[in-house]
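The chains referred to below are lettered A, B, ... by the order of the sequence lines, with proteins before strands, and numbering in each begins at 1.
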Protein chains: 2
Amino acid sequence: MPNSTLEHEAFARKLAGSGLRSTPQREVVYNVLMQKRDHPTAEEVFTRVRERRPGISLATVYNCLETLAQCGLVRQVNLEREPTRYCPNLLPHAHFHDEETGAILDVDLPASLLDKLKVVLPRGYEASVIEIAFRGRARPPLSARRTVQSA
Amino acid sequence: MPNSTLEHEAFARKLAGSGLRSTPQREVVYNVLMQKRDHPTAEEVFTRVRERRPGISLATVYNCLETLAQCGLVRQVNLEREPTRYCPNLLPHAHFHDEETGAILDVDLPASLLDKLKVVLPRGYEASVIEIAFRGRARPPLSARRTVQSA
DNA sequence: GCAGCCAATTGGAATGATTCCGGATAGCAA
DNA sequence: TTGCTATCCGGAATCATTCCAATTGGCTGC
Ligand SMILES: [Mn+2]
Ligand SMILES: [Mn+2]
Ligand SMILES: [Zn+2]
Ligand SMILES: [Zn+2]
(Lines give C-alpha, C1' and ligand atoms only; values in the text may rest on other atoms or scores of the structure.)
(Ligands and ions follow the chains in the order given, each with its own letter.)
Protein backbone atom coordinates (compact mmCIF):
# COMPACT_ATOMS: atom_id res chain seq x y z
CA MET A 1 0.00 0.00 0.00
CA PRO A 2 1.94 2.96 -1.25
CA ASN A 3 1.79 6.37 0.25
CA SER A 4 -0.31 5.81 3.37
CA THR A 5 -1.02 8.39 6.05
CA LEU A 6 1.73 8.70 8.63
CA GLU A 7 0.96 8.23 12.36
CA HIS A 8 1.81 10.79 15.01
CA GLU A 9 5.17 9.23 15.59
CA ALA A 10 6.30 8.89 12.01
CA PHE A 11 4.93 12.34 11.24
CA ALA A 12 6.93 13.88 14.07
CA ARG A 13 10.05 12.03 12.99
CA LYS A 14 9.72 13.25 9.44
CA LEU A 15 9.48 16.85 10.60
CA ALA A 16 12.30 16.39 13.09
CA GLY A 17 14.41 15.22 10.19
CA SER A 18 14.23 18.79 8.89
CA GLY A 19 14.77 20.31 12.32
CA LEU A 20 11.09 21.09 12.70
CA ARG A 21 8.55 20.30 15.38
CA SER A 22 5.30 18.48 15.12
CA THR A 23 2.53 20.82 16.23
CA PRO A 24 -1.22 20.31 16.51
CA GLN A 25 -1.74 22.75 13.66
CA ARG A 26 0.67 20.98 11.36
CA GLU A 27 -0.82 17.64 12.19
CA VAL A 28 -4.38 18.76 11.49
CA VAL A 29 -3.40 20.31 8.19
CA TYR A 30 -1.63 17.12 7.24
CA ASN A 31 -4.50 14.88 8.27
CA VAL A 32 -7.06 16.98 6.51
CA LEU A 33 -5.07 16.62 3.31
CA MET A 34 -4.62 12.89 3.64
CA GLN A 35 -8.26 12.31 4.46
CA LYS A 36 -9.75 13.57 1.26
CA ARG A 37 -7.15 12.93 -1.36
CA ASP A 38 -7.95 15.77 -3.69
CA HIS A 39 -6.15 19.01 -4.54
CA PRO A 40 -7.50 21.78 -2.33
CA THR A 41 -6.30 25.35 -2.27
CA ALA A 42 -4.95 26.87 0.94
CA GLU A 43 -8.31 28.53 1.44
CA GLU A 44 -10.09 25.19 1.11
CA VAL A 45 -7.67 23.56 3.51
CA PHE A 46 -8.36 26.45 5.88
CA THR A 47 -12.08 25.77 5.73
CA ARG A 48 -11.65 22.07 6.45
CA VAL A 49 -9.15 22.61 9.22
CA ARG A 50 -11.31 25.13 11.01
CA GLU A 51 -13.92 22.45 11.62
CA ARG A 52 -11.49 20.60 13.83
CA ARG A 53 -9.58 23.58 15.13
CA PRO A 54 -11.74 26.68 14.98
CA GLY A 55 -9.07 29.00 16.32
CA ILE A 56 -6.48 28.40 13.61
CA SER A 57 -5.49 31.30 11.39
CA LEU A 58 -5.14 31.42 7.64
CA ALA A 59 -1.54 32.54 8.03
CA THR A 60 -0.82 29.39 9.99
CA VAL A 61 -2.43 27.21 7.37
CA TYR A 62 -0.16 28.82 4.79
CA ASN A 63 2.82 28.29 7.08
CA CYS A 64 1.95 24.66 7.72
CA LEU A 65 1.40 23.89 4.06
CA GLU A 66 4.73 25.48 3.21
CA THR A 67 6.42 23.51 5.96
CA LEU A 68 4.84 20.22 4.93
CA ALA A 69 5.82 20.83 1.34
CA GLN A 70 9.39 21.60 2.33
CA CYS A 71 9.89 18.34 4.14
CA GLY A 72 8.22 16.40 1.39
CA LEU A 73 5.00 15.43 3.15
CA VAL A 74 2.80 17.04 0.53
CA ARG A 75 3.27 18.42 -2.96
CA GLN A 76 2.50 21.89 -4.24
CA VAL A 77 0.70 21.97 -7.55
CA ASN A 78 0.51 25.09 -9.69
CA LEU A 79 -1.76 25.09 -12.71
CA GLU A 80 -1.96 28.16 -14.86
CA ARG A 81 -2.24 31.22 -12.65
CA GLU A 82 -4.71 29.68 -10.29
CA PRO A 83 -4.15 29.54 -6.55
CA THR A 84 -1.64 26.92 -5.48
CA ARG A 85 -3.12 23.53 -4.70
CA TYR A 86 -1.82 20.88 -2.36
CA CYS A 87 -1.49 17.25 -3.27
CA PRO A 88 -1.10 14.42 -0.77
CA ASN A 89 -0.06 11.91 -3.42
CA LEU A 90 3.69 11.50 -3.13
CA LEU A 91 4.08 9.01 -5.95
CA PRO A 92 5.38 10.43 -9.21
CA HIS A 93 2.35 11.50 -11.16
CA ALA A 94 1.05 14.09 -13.59
CA HIS A 95 -2.11 16.17 -13.34
CA PHE A 96 -5.02 16.39 -15.68
CA HIS A 97 -6.87 19.68 -15.39
CA ASP A 98 -10.38 19.65 -16.77
CA GLU A 99 -10.89 23.11 -18.21
CA GLU A 100 -14.65 22.71 -18.10
CA THR A 101 -15.23 21.62 -14.53
CA GLY A 102 -11.91 22.60 -12.97
CA ALA A 103 -11.51 19.07 -11.65
CA ILE A 104 -7.98 17.82 -11.15
CA LEU A 105 -7.06 14.20 -11.67
CA ASP A 106 -3.89 12.38 -10.69
CA VAL A 107 -2.38 10.52 -13.62
CA ASP A 108 0.12 7.80 -12.83
CA LEU A 109 3.30 7.85 -14.81
CA PRO A 110 5.09 4.65 -15.71
CA ALA A 111 8.77 4.62 -14.77
CA SER A 112 9.67 3.96 -18.40
CA LEU A 113 8.16 7.28 -19.37
CA LEU A 114 10.05 9.15 -16.67
CA ASP A 115 13.26 7.58 -17.91
CA LYS A 116 12.55 8.76 -21.45
CA LEU A 117 11.83 12.22 -20.13
CA LYS A 118 15.16 12.69 -18.43
CA VAL A 119 16.94 11.81 -21.64
CA VAL A 120 15.63 14.84 -23.50
CA LEU A 121 17.67 17.24 -21.39
CA PRO A 122 20.91 18.45 -22.94
CA ARG A 123 24.26 17.62 -21.33
CA GLY A 124 24.83 19.32 -18.02
CA TYR A 125 21.19 19.91 -17.14
CA GLU A 126 19.97 18.02 -14.10
CA ALA A 127 16.32 18.15 -13.11
CA SER A 128 15.33 17.62 -9.51
CA VAL A 129 11.65 17.99 -10.34
CA ILE A 130 9.62 17.20 -13.42
CA GLU A 131 6.15 18.63 -13.64
CA ILE A 132 3.65 17.38 -16.20
CA ALA A 133 0.21 18.84 -16.61
CA PHE A 134 -2.46 17.97 -19.13
CA ARG A 135 -5.22 20.43 -19.86
CA GLY A 136 -8.37 19.47 -21.68
CA ARG A 137 -11.80 17.99 -21.35
CA ALA A 138 -12.92 14.80 -19.77
CA ARG A 139 -15.63 13.01 -21.67
CA PRO A 140 -16.48 10.30 -19.18
CA PRO A 141 -17.23 6.95 -20.85
CA LEU A 142 -20.87 5.90 -20.87
CA SER A 143 -20.31 3.47 -18.03
CA ALA A 144 -19.68 6.40 -15.72
CA ARG A 145 -22.28 8.83 -17.01
CA ARG A 146 -24.58 8.73 -14.03
CA THR A 147 -23.78 11.01 -11.11
CA VAL A 148 -20.70 12.83 -12.31
CA GLN A 149 -18.56 13.55 -9.30
CA SER A 150 -15.61 15.92 -9.30
CA ALA A 151 -12.60 15.40 -7.11
CA MET B 1 13.22 26.80 -41.07
CA PRO B 2 10.51 26.18 -38.56
CA ASN B 3 8.64 28.87 -36.73
CA SER B 4 9.89 32.04 -38.39
CA THR B 5 8.63 35.55 -37.73
CA LEU B 6 5.49 36.45 -39.62
CA GLU B 7 5.38 39.50 -41.92
CA HIS B 8 2.80 42.26 -41.64
CA GLU B 9 0.48 40.50 -44.02
CA ALA B 10 0.62 37.06 -42.53
CA PHE B 11 0.42 38.55 -39.06
CA ALA B 12 -2.73 40.48 -39.93
CA ARG B 13 -4.25 37.41 -41.56
CA LYS B 14 -3.61 35.31 -38.50
CA LEU B 15 -5.35 37.85 -36.28
CA ALA B 16 -8.19 38.28 -38.75
CA GLY B 17 -8.66 34.54 -38.53
CA SER B 18 -9.82 35.10 -34.96
CA GLY B 19 -11.85 38.18 -35.86
CA LEU B 20 -9.19 40.53 -34.53
CA ARG B 21 -7.37 43.46 -36.06
CA SER B 22 -3.71 43.99 -36.54
CA THR B 23 -2.69 47.10 -34.64
CA PRO B 24 0.66 48.84 -34.27
CA GLN B 25 0.76 47.88 -30.61
CA ARG B 26 0.09 44.22 -31.28
CA GLU B 27 2.67 44.16 -34.01
CA VAL B 28 5.37 45.73 -31.85
CA VAL B 29 4.68 43.35 -28.99
CA TYR B 30 4.87 40.44 -31.39
CA ASN B 31 8.08 41.63 -33.03
CA VAL B 32 9.76 42.32 -29.73
CA LEU B 33 9.03 38.75 -28.70
CA MET B 34 10.27 37.24 -31.92
CA GLN B 35 13.42 39.29 -31.96
CA LYS B 36 14.95 38.01 -28.75
CA ARG B 37 13.69 34.51 -28.39
CA ASP B 38 13.67 34.26 -24.65
CA HIS B 39 10.87 34.12 -22.08
CA PRO B 40 10.20 37.64 -20.84
CA THR B 41 7.52 38.63 -18.36
CA ALA B 42 4.86 41.17 -19.35
CA GLU B 43 6.84 43.79 -17.48
CA GLU B 44 9.97 42.97 -19.48
CA VAL B 45 8.04 43.04 -22.72
CA PHE B 46 6.69 46.42 -21.64
CA THR B 47 10.22 47.74 -21.15
CA ARG B 48 11.35 46.52 -24.56
CA VAL B 49 8.28 47.77 -26.35
CA ARG B 50 8.50 51.24 -24.86
CA GLU B 51 11.79 51.79 -26.65
CA ARG B 52 10.01 51.61 -29.97
CA ARG B 53 6.68 53.00 -28.84
CA PRO B 54 7.13 55.18 -25.79
CA GLY B 55 3.44 55.97 -25.39
CA ILE B 56 2.21 52.40 -24.98
CA SER B 57 0.59 51.45 -21.70
CA LEU B 58 1.21 48.41 -19.56
CA ALA B 59 -2.47 47.52 -19.79
CA THR B 60 -2.14 47.39 -23.56
CA VAL B 61 0.91 45.17 -23.34
CA TYR B 62 -1.10 42.78 -21.18
CA ASN B 63 -3.97 42.98 -23.65
CA CYS B 64 -1.74 42.35 -26.65
CA LEU B 65 0.01 39.42 -25.03
CA GLU B 66 -3.32 37.90 -24.13
CA THR B 67 -4.56 38.43 -27.67
CA LEU B 68 -1.44 36.97 -29.26
CA ALA B 69 -1.65 33.96 -26.98
CA GLN B 70 -5.30 33.43 -27.84
CA CYS B 71 -4.70 33.24 -31.56
CA GLY B 72 -1.67 31.04 -31.07
CA LEU B 73 1.04 33.48 -32.05
CA VAL B 74 2.86 33.13 -28.74
CA ARG B 75 2.71 30.80 -25.79
CA GLN B 76 2.12 31.60 -22.16
CA VAL B 77 4.46 29.88 -19.75
CA ASN B 78 3.76 29.61 -16.04
CA LEU B 79 6.44 28.29 -13.75
CA GLU B 80 5.72 28.01 -10.06
CA ARG B 81 4.04 31.14 -8.84
CA GLU B 82 6.25 33.49 -10.79
CA PRO B 83 4.86 36.11 -13.17
CA THR B 84 3.65 34.66 -16.46
CA ARG B 85 6.26 34.50 -19.19
CA TYR B 86 5.76 34.61 -22.93
CA CYS B 87 7.39 32.23 -25.35
CA PRO B 88 7.70 32.82 -29.10
CA ASN B 89 8.64 29.20 -29.81
CA LEU B 90 5.56 27.52 -31.23
CA LEU B 91 7.08 24.10 -31.68
CA PRO B 92 6.14 21.55 -29.03
CA HIS B 93 8.73 21.88 -26.33
CA ALA B 94 9.28 21.67 -22.59
CA HIS B 95 10.95 24.21 -20.31
CA PHE B 96 13.93 23.80 -18.07
CA HIS B 97 13.92 26.26 -15.21
CA ASP B 98 17.30 26.79 -13.58
CA GLU B 99 16.52 27.35 -9.91
CA GLU B 100 19.89 28.98 -9.35
CA THR B 101 19.97 31.59 -12.10
CA GLY B 102 16.30 31.69 -13.04
CA ALA B 103 17.23 31.07 -16.67
CA ILE B 104 14.65 29.30 -18.79
CA LEU B 105 15.64 26.93 -21.58
CA ASP B 106 13.54 25.47 -24.34
CA VAL B 107 13.83 21.70 -24.51
CA ASP B 108 12.74 20.04 -27.73
CA LEU B 109 10.49 17.05 -27.36
CA PRO B 110 10.63 14.15 -29.79
CA ALA B 111 7.27 13.21 -31.25
CA SER B 112 7.71 9.68 -29.94
CA LEU B 113 7.75 11.01 -26.40
CA LEU B 114 4.62 13.05 -26.94
CA ASP B 115 2.89 9.96 -28.26
CA LYS B 116 3.86 8.02 -25.16
CA LEU B 117 2.56 10.85 -23.03
CA LYS B 118 -0.92 10.85 -24.45
CA VAL B 119 -1.23 7.16 -23.78
CA VAL B 120 -1.04 7.58 -20.03
CA LEU B 121 -4.40 9.33 -19.88
CA PRO B 122 -7.33 7.14 -18.88
CA ARG B 123 -10.18 6.53 -21.30
CA GLY B 124 -12.28 9.59 -22.01
CA TYR B 125 -9.67 12.17 -21.10
CA GLU B 126 -8.51 14.30 -24.01
CA ALA B 127 -5.71 16.80 -23.53
CA SER B 128 -5.51 19.84 -25.74
CA VAL B 129 -2.35 21.04 -24.04
CA ILE B 130 0.51 19.20 -22.39
CA GLU B 131 2.88 21.21 -20.27
CA ILE B 132 6.19 19.83 -19.17
CA ALA B 133 8.59 21.71 -16.93
CA PHE B 134 11.90 20.59 -15.51
CA ARG B 135 13.31 22.34 -12.48
CA GLY B 136 16.90 21.95 -11.43
CA ARG B 137 20.42 23.16 -11.91
CA ALA B 138 22.42 23.55 -15.05
CA ARG B 139 26.04 22.55 -14.74
CA PRO B 140 27.36 23.75 -18.07
CA PRO B 141 29.96 21.41 -19.58
CA LEU B 142 33.56 22.67 -19.52
CA SER B 143 33.44 23.55 -23.19
CA ALA B 144 30.94 26.29 -22.37
CA ARG B 145 32.39 27.56 -19.11
CA ARG B 146 33.68 30.89 -20.42
CA THR B 147 31.21 33.76 -20.55
CA VAL B 148 28.07 32.25 -19.06
CA GLN B 149 25.08 33.87 -20.69
CA SER B 150 21.52 33.54 -19.49
CA ALA B 151 18.60 33.57 -21.90
C1' DG C 1 -15.69 63.75 -46.63
C1' DC C 2 -18.56 62.86 -42.62
C1' DA C 3 -21.39 60.35 -39.04
C1' DG C 4 -21.83 56.27 -36.64
C1' DC C 5 -20.15 52.04 -34.85
C1' DC C 6 -17.31 49.10 -32.58
C1' DA C 7 -12.72 47.47 -31.50
C1' DA C 8 -8.71 48.80 -29.23
C1' DT C 9 -6.10 51.60 -26.11
C1' DT C 10 -5.24 53.93 -21.87
C1' DG C 11 -4.47 55.43 -16.83
C1' DG C 12 -5.89 54.45 -12.72
C1' DA C 13 -8.44 51.81 -9.35
C1' DA C 14 -9.50 47.26 -7.69
C1' DT C 15 -8.53 42.40 -6.90
C1' DG C 16 -6.83 38.58 -4.52
C1' DA C 17 -3.44 35.06 -3.37
C1' DT C 18 0.39 35.20 -0.80
C1' DT C 19 3.90 37.20 2.14
C1' DC C 20 5.45 40.03 5.70
C1' DC C 21 5.55 41.89 10.36
C1' DG C 22 5.51 42.57 15.27
C1' DG C 23 3.59 40.85 19.13
C1' DA C 24 1.55 36.79 21.79
C1' DT C 25 2.19 31.69 22.89
C1' DA C 26 3.99 27.57 24.06
C1' DG C 27 7.28 23.68 24.20
C1' DC C 28 11.64 22.41 25.82
C1' DA C 29 16.24 23.18 28.38
C1' DA C 30 18.77 24.66 32.13
C1' DT D 1 10.63 28.55 37.48
C1' DT D 2 13.06 31.15 33.96
C1' DG D 3 14.63 31.74 29.73
C1' DC D 4 15.14 30.67 24.62
C1' DT D 5 13.13 29.82 20.38
C1' DA D 6 10.03 27.99 17.32
C1' DT D 7 5.51 28.62 16.21
C1' DC D 8 1.27 30.95 15.79
C1' DC D 9 -1.64 34.82 14.94
C1' DG D 10 -4.19 39.10 13.11
C1' DG D 11 -3.63 42.50 10.24
C1' DA D 12 -1.01 45.25 6.92
C1' DA D 13 1.59 45.09 2.74
C1' DT D 14 2.85 43.19 -1.80
C1' DC D 15 2.36 42.93 -6.56
C1' DA D 16 1.02 40.60 -10.87
C1' DT D 17 -2.99 40.92 -13.08
C1' DT D 18 -7.69 42.37 -14.08
C1' DC D 19 -11.23 45.64 -14.25
C1' DC D 20 -13.32 49.98 -15.47
C1' DA D 21 -14.84 54.02 -17.60
C1' DA D 22 -13.35 57.29 -20.82
C1' DT D 23 -10.88 58.30 -25.16
C1' DT D 24 -9.18 57.17 -29.60
C1' DG D 25 -9.00 55.28 -34.18
C1' DG D 26 -10.18 52.63 -38.16
C1' DC D 27 -13.96 51.33 -41.31
C1' DT D 28 -18.52 51.29 -43.49
C1' DG D 29 -22.17 53.34 -45.50
C1' DC D 30 -24.08 57.50 -47.00
MN1 LIG E 1 -9.35 25.68 -13.49
MN1 LIG F 1 12.87 31.48 -11.01
ZN1 LIG G 1 -1.73 15.12 -7.45
ZN1 LIG H 1 9.62 28.20 -24.58
Write down the distance between [atom1] ([X]) and [atom2] ([N]), rounded to a whole number of angstrom.
| X | N | atom1 | atom2 | value |
| --- | --- | --- | --- | --- |
| N63(B) | dT24(D) | CG | C1' | 15 Å |
| R50(A) | dC8(D) | CZ | P | 17 Å |
| I56(B) | dT24(D) | CD1 | P | 17 Å |
| R53(A) | dC9(D) | CZ | C1' | 12 Å |
| L58(A) | dG10(D) | CG | P | 10 Å |
| Q25(A) | dA6(D) | CD | C1' | 12 Å |
| R26(A) | dC9(D) | CZ | P | 11 Å |
| E44(B) | dT17(D) | CD | C1' | 16 Å |

Counting only heavy atoms not in Y125(B), do more than 12 sit closer than 6.0 Å to its OH atom?
-> no
Would you tell me if any nitrogen or oxygen in the side chain of R81(A) comes within less than 4.0 Å of OP1 or OP2 on dA16(D)?
->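 No.
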Has T60(A) got a side-chain N or O lying under 4.0 Å from the OP1 or OP2 atom of dC9(D)?
-> yes
Check: H97(A) ring centre within less than 6.0 Å of H95(A) ring centre =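 Centroid distance H97(A)-H95(A): not below 6.0 Å, so no.
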Within the 6.0 Å centroid threshold, strictly below: Y30(B) and F11(B) =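 Yes, close enough.
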Excluding sequence neighbours, so at least two apart, what forms salt bridge (charged side-chain N to carboxylate O under 4.0 Å, His left out) with E51(B)?
->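 Here no residue qualifies.
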Start and end of the DNA chain C segment that chain A contacts, any atom under 4.0 Å from a heavy atom | dA17(C) to dT19(C)
Atom SG of C64(B) and atom CG of L73(B): how far apart are they, to the nearest 0.5 Å?
->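 C64(B) SG to L73(B) CG: 11.5 Å, rounded to 0.5 Å.
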Give the nucleotide from the list dT7(D), dC9(D), dG26(D) with an atom nearest to the side chain of R21(B).
-> dG26(D)
Minimum-distance nucleotide (side-chain atoms of Y62(B) versus dG10(D), dA16(D), dT7(D)) |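 The nucleotide sitting nearest to the side chain is dA16(D).
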Heavy atoms under 4.0 Å, any strand shown: does T41(A) hit a base, just sugar-phosphate, or nothing?
->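 It contacts nothing in the nucleic acid.
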Sugar-phosphate only, base, or nothing, as touched by T67(B) at under 4.0 Å among non-hydrogen atoms =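 Since no nucleic acid heavy atom lies under 4.0 Å of T67(B), the category is nothing.
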Under 3.5 Å side-chain donor-acceptor pair for N78(A) and R81(B) =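 Per modelled atom types, N78(A) and R81(B) side chains form a pair under 3.5 Å.
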Evaluate the criterion side chain to side chain contact (heavy atoms under 4.5 Å, CB included) for residue pair K118(A) and L121(A); output intermediate values, then yes/no.
-> CA-CA 6 Å; K118(A) 285 177 186 155; L121(A) 289 179; 5.8 Å; no
